[in-house]
Amino acid sequence: MRPRALTCGAAPVEVSREIMELPTRFTPADFEKQIYSDWVASGGFQPKSPVHGEKTYTIMIPPPNVTGVLHMGHALNGAIQDIVIRHRRMCGFSALWLPGTDHAGIATQAVVERKLFEEEKKTRKDIGRDAFVKRIWEWCDKHGDYILEQYRRLGSSCDWSRKRFTFEPHMSRAVRESFVRLFEKGYVYRGARLVNWDCVLETAVSDDEIENVPRKDKLYYIRYPVKGAAAARLGAAGENGEYVTVATTRPETMLGDTGVAVNGDDERYKGLIGKTLVLPLVEREIPIIADESVSTEFGTGAVKVTPGHDPADYERGARHNLPIINILEKNGRINQNGGEFVGMPREKAREAIVKKLDELGLLAKVEDIQHNVPISDRSKSVIEPMVSEQWFVKMKPLAAPAIRAVKSGALKFRPERWTKVYLDWLENVHDWCISRQLWWGHQIPVWYDEDGVPVASRTDLAIGSPHPLTKKPIVRQDEDVLDTWASSWLWPFATLGWPDITDDLGRFYQTQFLSTAREIIYLWVARMVMAGYEFLDHLPEDQRCPFEVCNVHATVLDAKGRRMSKSAGNGIDPIEMIDKFGADAVRYSLILLTKEGQDVKLSPERFDQGFRFSNKVWNAARFVLLNLEGPRTDGSSKSAARLEDRWILSRLDATRREVSNALDTYQLNIAATTLYRFVWNDFCDWYLEIVKPRLLSKTDDSAPAARGTLVRVLTDTLAMLHPFTPFLTEILWKALHETLGQSGVGQRGIGQRPMLMNSTWPTGEDIAHDERAEAEMQTIQDLVAAVRRVRNLTMVGERQRLVALIAAPREVDRAVLKEHSATVRGLAFLESYEVDTRFDRPKGTAVAVAGAIEVFVHLGDDVDFVKLGDVLKKRAEKVRQGITGADAKLSNQGFLDRADPDVVEEERGRRADMVLELEMLERNVAGL
RNA sequence: GGGCGAUUAACUCAGCGGCUAGAGUGCCUCCCCUACACGGAGGAAGUCGGGGGUUCGAAUCCCUCAUCGCCCACCA
């Protein structure tokens with residue numbers, strides 16, 4: 001065949017090379033960059049211009065941290081979102097996938113602070129707040145888009161013109177508006193509470209930002225002398241009023257003890273309740289109180305109460321009016337309340353205190369214990385509960401509509417089970433500590449007058465200006481910043497312009513699909529729902545939910561089933577995989593392997609499947625491109641010339657229905673699997689092979705239909721594959737478009753638009769479901785497989801054309817085999833064959849059974865039939881079992897009475913087939 | 001202590017009331033036939049974690065146990 005020129009689209013792409021030179025191996029790296037910029041240039045990532053009655057479809061990206069680096073979880077989620085948005089775009093929606101990043105207060109500050117120290121040996125305090133914040137901005141300007149670059153490598157079709165950042169000026173305005181509203185409603189309050197304190201980052205963190213990590217630790221038993229008891233007798237056995245032993249894992253907190261609690265029902269301590277103890281080392285007198293929260297089982301039954309540094313003790317202290325003593329500096333060192341231990345880091349203080357107590361004979365014993373230690377997500381340091389002044393948001397009133405959202409069905413989780421997790425959290429929600437003692441973040445828009453009366457304001461209040469309420473001069477703004485989630489919870493609408501009621505907000509809110517990791521259902525998802533209902537009060541309640549579907553994607557694990565993490569060093573770098581296998585392969589593999597929210601174990605080799613599939617599509621398309629010369633039909637079912645044309649179109653139709661339905665319902669792996677099977681098993685393994693002789697023949701008048709069908713199937717397949725493997729399909733689409741353009745024959749879907757991305761989703765127009773064609777093809781496939789089996793088992797290769805006798809008791813089978821003799825002969829490499837109702841097996845023939853068809857193949861006498869006989873026997877056994885099973889059912893009166901009549905009928909039919917097959921098998925096993 | 005997942009071929013998983021339980025990888029045999037050897041053809045390989053129950057019928061629904069994993073929870 002004469003090579004033809006191939007160019008790719010309007011843009012000068014480097015792939016304009018001779019078609020025959022298209023490499024047989026798909027090399028994604030050659031195309032991805034160019035294709036991506038073509039997409040951007042086409043404007044296709046932006047939603048279509050608004051028209052009346054348009055359908056919009058919106059996805060907001062879960063904004064990754066500006067400091068972030070793309071990991072497999074991002075890649076998976078990016079693939080999911082891109083597949084969904086590309087599909088909806090092709091279906092005609094005005095589709096928007098809005099990208100952006102999160103300023104991620106603590107994480108970002110920590111990164112820049114570390115860098116500052118490494119490079120200049122300075123701390124943030126050394127250079128001051130303004131200079132430090134400036135440094136962070138510089139860092140963001142330089143590195144902030146790195147992760148979004150990585151999303152581009154994946155092929156993400158985000159509308160970059162609408163890119164947002166949670167700390168940009170517009171977002172600040174939205175954050176301030178939301179805070180002031182909550183303040184004015186009385187939902188925001190300030191107070192001294194016990195909060196989770198991160199001693200490394202020196203800030204409060206919320207409950208949701210800590211992780212309880214099981215650790216081996218020591219449980220220390222410490223004796224607290226009863227006031228008045230003789231010190232000399234402390235070492236003696238027995239506790240008769242001499243001392244009370246308490247157990248603790250954190251002995252250093254004793255410096256802040258203001259009581260000891262026992263259970264009122266505990267006989268051991270009944271007489272001691274109300275008495276006074278002398279706290280060792282600090283010599284403070286503290287009471288023994290009765291509190292029902294104390295277990296008589298654990299430890300000694302007596303609990304030291306440290307209201308300043310333990311949440312449970314805080315409650316107990318509150319119930320009994322015990323004073324609160326803070327013993328820690330913000331950096332975790334012991335403060336002036338710690339007597340001789342002042343200035344020591346808490347870990348050192350623990351050792352010193354234990355040593356001292358031991359010397360004093362007050363350390364009764366030490367036990368090993370396994371318990372949970374709260375660790376800060378960000379700094380990985382041990383959290384110290386500490387009392388401090390913080391801002392809180394009342395969550396109960398915000399939670400109510402968010403609970404209603406799922407109960408009314410306005411919000412649906414996928415998989416559904418996460419609904420419960422979401423509800424459990426909302427129903428037991430605690431107030432949200434939103435102030436952070438950081439410098440990087442939205443500063444709390446609260447100002448104080450000289451008396452410390454706070455006021456929240458939408459506009460900055462100058463120092464010295466009058467307080468709006470007290471009229472006294474403003475003296476300072478609150479120094480703290482807001483938790484980063486206090487901006488990201490506004491993401492679905494602040495990104496569209498809120499608090500202004502913009503056109504975008506009207507068009508794209510509510511969004512349809514949110515896909516995210518399970519870890520942030522509380523941190524982010526639930527809060528966005530609350531924010532949507534709370535702040536979008538210009539909308540009726542049923543239009544406020546920020547998204548219709550919340551997809552909770554799989555967690556990506558390593559090959560051993562461990563979570564991928566930076567610290568464990570077991571992560572697989574998605575970019576590395578893209579470099580190696582191509583973005584299409586990475587996406588496709590990920591989706592193929594991931595069933596909804598089921599965790600997925602990953603190793604680099606597993607991306608090979610996606611690559612091999614890309615390569616298969618590439619080569620199948622090459623085949624079509626190589627065979628376009630000559631007249632061609634439109635590829636509709638009506639123009640189909642042969643059984644295989646009607647069959648592949650029918651399969652295409654079934655595939656289209658299944659894939660469309662799966663994508664509509666977010667079952668991406670079903671869609672991917674369906675396409676995989678269709679492309680590989682139906683199209684490549686059968687159709688291409690059958691159609692080859694027609695294309696090569698100069699005289700075959702069915703060649704135009706073959707070409708037409710090939711193009712039609714390829715066209716629709718590329719379209720359906722496009723959301724999954726966008727680069728591959730786009731480059732092939734261009735190649736096809738170019739080639740067809742030259743040949744001058746119009747084709748549905750071709751020539752409309754240059755970009756597949758902007759093309760339309762197949763509708764199945766002109767393509768008929770054809771059950772009969774499918775059944776007939778099945779017969780042919782079974783027969784061909786049977787002949788192939790004979791060859792393989794008797795070691796007779798395809799080069800040797802064979803002569804066969806085919807016995808088919810059924811009229812339909814005989815008709816098909818007679819009519820499609822050329823196809824069967826081609827596929828099975830048969831010289832010729834005869835078809836009849838029944839043959840007696842001639843000498844020197846091997847036999848195969850395909851359902852209710854017998855094939856006798858002339859092989860000669862020197863062929864070894866042993867393996868063939870073994871396979872037949874085995875098969876016979878299997879069919880025999882099948883018949884036994886069917887008999888059991890059919891002889892069961894209950895089955896006949898109660899099962900669906902169709903099922904019974906089906907079972908009868910199946911049994912009849914099996915009986916026929918078994919008869920043949922047995923006859924031939926005996927004959928061999 | 002609660003809740004949720006998982007347990008199916010050597011490996012990774014799909015199937016979730018009714019076909020003789022499937023796929024990919026790996027394994028064995030044969031084949032470079034002009035899309036693809038990162039390919040093609042064929043084969044071997046599973047008492048569906050154990051035990052009960054419901055049902056005409058269970059890998060699939062219910063109970064229970066076991067193992068692994070995740071989440072939530074103030075036991076010092």
Side-chain angles (χ1 to χ4, degrees), chain A residues 1 22 24-26 212 219 246-250 253 261 293-295 297-300 302-306 310-316 371-372 385 415 417-418 420-421 424-425 428 518-519 521-522 555 557 559 561-563 592-593 595 597-603 605-606 608-609 611-627 669-670 673 676-677 684-685 688-689 692 696 785 788-793 795-799 829 867 871 874-875 878-883 885-886 888-889 892-900 902-904 906-907 909-910 914:
Chain A
M1 183 180 288
L22 275 179
T24 58
R25 185 176 196 273
F26 175 51
N212 289 309
L219 184 62
V246 296
T248 181
T249 52
R250 294 186 299 156
T253 61
S293 70
V294 179
S295 160
E297 309 290 318
F298 190 88
T300 61
V303 184
K304 59 193 274 308
V305 181
T306 321
D310 184 280
D313 290 355
Y314 184 80
E315 301 290 326
R316 292 181 185 123
H371 73 146
N372 286 339
R417 65 182 123 90
W418 295 107
K420 197 164 176 279
V421 174
D424 283 350
W425 186 78
N428 301 299
R518 68 189 58 154
E519 301 87 75
I521 291 177
Y522 312 133
T555 300
L557 308 171
R562 296 169 308 187
R563 213 186 191 81
L592 220 41
L593 294 172
K595 193 240 164 186
Q598 197 55 52
D599 292 352
V600 57
K601 284 186 213 168
L602 224 52
S603 54
E605 312 83 67
R606 308 212 67 193
D608 206 46
Q609 191 179 2
F611 176 78
R612 287 189 12 262
F613 180 69
S614 304
N615 195 237
K616 190 74 177 176
V617 174
W618 174 260
N619 280 295
R622 268 183 77 238
F623 176 82
V624 176
L625 288 167
L626 289 166
N627 283 289
N669 78 315
I670 291 181
T673 306
Y676 187 99
R677 298 217 171 111
C684 294
D685 289 349
L688 292 188
E689 295 306 326
K692 274 175 185 175
L696 292 170
R788 287 170 175 169
R789 201 180 312 130
V790 170
R791 286 183 183 278
N792 269 288
L793 295 169
M795 304 292 283
V796 175
E798 289 167 346
R799 283 175 184 281
F829 295 91
K867 275 193 198 163
V871 170
K874 212 164 169 185
R875 175 74 192 158
K878 185 122 200 205
V879 176
R880 215 170 280 127
Q881 276 175 21
I883 294 173
K889 282 186 185 177
N892 181 337
Q893 199 55 41
F895 176 71
L896 299 175
D897 291 345
R898 302 198 197 185
D900 189 321
D902 290 349
V903 172
V904 177
E906 223 176 281
E907 193 68 30
R910 197 157 40 236
M914 286 189 288

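So you know, we letter chains A, B, ... as the sequences are listed, proteins then strands, and number each from 1.
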field: Base partner of B:rG24, which must satisfy Watson-Crick or wobble distances under 3.5 Å
entry: B:rC11
message: Heavy atoms only, 4.0 Å cut-off, all strands: where does A:Gln598 land among base, sugar-phosphate and nothing?
response: sugar-phosphate
task: Would you mind classifying the nucleic acid contact of A:Arg316 as base, sugar-phosphate or nothing, using non-hydrogen atoms under 4.0 angstrom?
output: base
task: Just call it for A:Arg875: base, sugar-phosphate, or nothing, with non-hydrogen atoms closer than 4.0 Å on any strand.
output: base
message: With nearest nucleotide decided by heavy atoms, which residue, A:Arg417 or A:Ala620, maps closer to the 5′ end of RNA chain B?
response: A:Arg417
Which nucleotide in B:rG40, B:rC70, B:rU20 has an atom nearest any side-chain atom of A:Asp685: B:rG40
task: Please check the phosphate of B:rG39 (OP1 and OP2 only) for any side-chain N or O of A:Arg612 closer than 4.0 Å.
output: yes
task: Check whether any side-chain N or O of A:Arg791 sits under 4.0 Å from OP1 or OP2 of B:rG40, and answer yes or no.
output: no
- prompt: Please give, in whole Å, the distance from B:rU55 C1' to A:Lys889 NZ?
  reply: 13 Å
statement: Of the listed B:rC36, B:rC30, B:rU20, the closest approach to the A:Asn619 side chain comes from B:rC36
field: Distance, C1' atom - from B:rG40 to B:rA35, rounded to whole angstrom
entry: 12 Å
statement: Of the listed B:rA35, B:rG42, B:rA76, the closest approach to the A:Leu688 side chain comes from B:rA35
- prompt: If you measure from the C1' atom in B:rG46 to the same atom in B:rA41, how many Å do you get, rounded?
  reply: 24 Å
- request: Could you pick out which residue, A:Arg677 or A:Phe611, lies toward the 5' side of RNA chain B when each is mapped onto its nearest nucleotide?
  value: A:Arg677
- request: Starting from the C-alpha separation in whole Å, work towards a yes-or-no answer on side chain to side chain contact (heavy atoms under 4.5 Å, CB included) for A:Val790 and A:Val796.
  value: CA-CA 8 Å; A:Val790 170; A:Val796 175; over 6 Å; no
- prompt: Given atom CG of A:Asp424 and atom P of B:rG5, what is their separation to the nearest angstrom?
  reply: 13 Å
Residue-phosphate contact under 4.0 Å: A:Lys692 side-chain N/O, B:rA35 OP1/OP2: yes
Salt bridge present between A:Asp310 and A:Lys304 (N-O < 4.0 angstrom): no
- request: Could you work out which one of B:rG3, B:rU20, B:rU29 sits closest to the side chain of A:Lys420?
  value: B:rG3
query: What distance, rounded to whole Å, do you find between the two C1' atoms, one in B:rG26 and one in B:rG43?
result: 14 Å
query: When rounded to the nearest Å, what value does the distance between C1' atoms of B:rA76 and B:rG69 take?
result: 29 Å
message: Could you tell me if the side chain of A:Glu315 sits less than 4.5 Å from the side chain of A:Ser293, heavy atoms only?
response: no
field: Base-pairing mate for B:rU29 - Watson-Crick or G-U, with both contacts under 3.5 Å
entry: B:rA41
- request: Tell me which nucleotide among B:rU29, B:rC4, B:rA76 gets nearest to the side chain of A:Val303.
  value: B:rA76
- line: For A:Ala559 and A:Lys601, the nearest pair of non-hydrogen atoms, with its separation, is O-CD, 3.7 Å
task: Rounded to the nearest angstrom, tell me the gap between atom CZ in A:Phe829 and atom P in B:rG40.
output: 14 Å
task: Classify the nucleic acid contact of A:Leu592 as base, sugar-phosphate or nothing, counting any heavy atom under 4.0 Å across all strands shown.
output: nothing
message: Nearest to the side chain of A:Glu689, heavy atoms from C-beta on, is which of B:rA73, B:rC36, B:rA76?
response: B:rC36
- prompt: Taking a pair as Watson-Crick or G-U wobble with both distances under 3.5 Å, which nucleotide is matched to B:rC61?
  reply: B:rG53
Residue-phosphate contact under 4.0 Å: A:Lys874 side-chain N/O, B:rA44 OP1/OP2: yes
query: How long is the line joining CZ of A:Arg518 and C1' of B:rC72, in whole Å?
result: 14 Å
query: Using a cut-off of 4.0 Å on non-hydrogen atoms, how would the nucleic acid contact of A:Lys595 be classed: base, sugar-phosphate, or nothing?
result: sugar-phosphate
query: Does a side-chain N or O from A:Arg606 land closer than 4.0 Å to OP1 or OP2 of B:rG24, or not?
result: no
- prompt: Does the side chain of A:Asn619 pick up a donor-acceptor pair with the side chain of A:Arg622 at under 3.5 Å?
  reply: yes
task: Hey, can you tell me if A:Phe26 and A:Trp618 have their rings parallel, tilted or perpendicular (30° and 60° cut-offs)?
output: tilted
query: Is any side-chain N or O of A:Lys616 closer than 4.0 Å to OP1 or OP2 of B:rG40?
result: yes
field: A:Glu906 and A:Arg910, any side-chain heavy atoms less than 4.5 Å apart
entry: yes
Rounded distance (Å) that lies between atom C1' of B:rG1 and atom CG of A:Asn428: 15 Å
field: Side-chain donor-acceptor contact under 3.5 Å, A:Thr555 with A:Arg518
entry: yes
Residue matched to B:rU34 through Watson-Crick or wobble contacts both under 3.5 angstrom: none
query: Expressed as a whole number of Å, how far does the C1' atom of B:rC48 sit from that of B:rC61?
result: 16 Å
- request: Using whole Å, report how far CG of A:Asp599 lies from P of B:rG69.
  value: 13 Å
field: Whole-angstrom distance between B:rA59 and B:rU8, as gauged at atom P
entry: 15 Å
Residue A:Ser295, side-chain heavy atoms: nucleotide from B:rG24, B:rA76, B:rA35 that is nearest: B:rA76
task: Rounded to whole angstrom, note down the C1' distance from B:rC62 over to B:rC19.
output: 26 Å
query: Base, sugar-phosphate, or nothing for A:Val294, non-hydrogen atoms under 4.0 angstrom?
result: base
query: Just how far, in rounded Å, is P of B:rG57 from CZ of A:Phe895?
result: 11 Å
- request: With the side chain of A:Lys601 defined as its heavy atoms from C-beta on, choose the nearest nucleotide among B:rC72, B:rU20, B:rU12.
  value: B:rU12
- prompt: Checking all strands, does A:Arg910 fall into the base, sugar-phosphate, or nothing category for heavy-atom contacts under 4.0 angstrom?
  reply: base
task: Using a 4.5 Å cut-off on heavy atoms from C-beta on, say whether the side chain of A:Val903 contacts that of A:Phe895.
output: yes
message: Could you tell me the Watson-Crick or G-U partner of B:rC4, where both distances fall under 3.5 Å? Say none if there is no partner.
response: B:rG69
statement: Side-chain atoms of A:Ala312 come closest, of B:rC74, B:rG42, B:rC32, to B:rC74
- prompt: What distance, rounded to whole Å, do you find between the two C1' atoms, one in B:rA14 and one in B:rG57?
  reply: 23 Å
query: Is there side-chain contact between A:Trp425 and A:Ile521, with at least one heavy-atom pair below 4.5 Å?
result: no
task: Send over the distance from A:Leu557 CG to B:rU12 P, rounded to a whole Å.
output: 12 Å
field: For B:rU47, the Watson-Crick or wobble partner whose two distances fall under 3.5 Å
entry: none
- prompt: Base, sugar-phosphate, or nothing: which does A:Asn892 touch, judged by heavy atoms less than 4.0 Å apart?
  reply: sugar-phosphate
- request: Remember a base hit wins even if backbone is also touched, and classify A:Phe613 as base, sugar-phosphate or nothing at under 4.0 Å, heavy atoms.
  value: nothing
- request: Determine the contact category for A:Glu798: base if any of its heavy atoms lies under 4.0 Å from a base atom, sugar-phosphate if only primed atoms, P, OP1 or OP2 are that close, otherwise nothing.
  value: base
- request: Remember a base hit wins even if backbone is also touched, and classify A:Thr248 as base, sugar-phosphate or nothing at under 4.0 Å, heavy atoms.
  value: sugar-phosphate
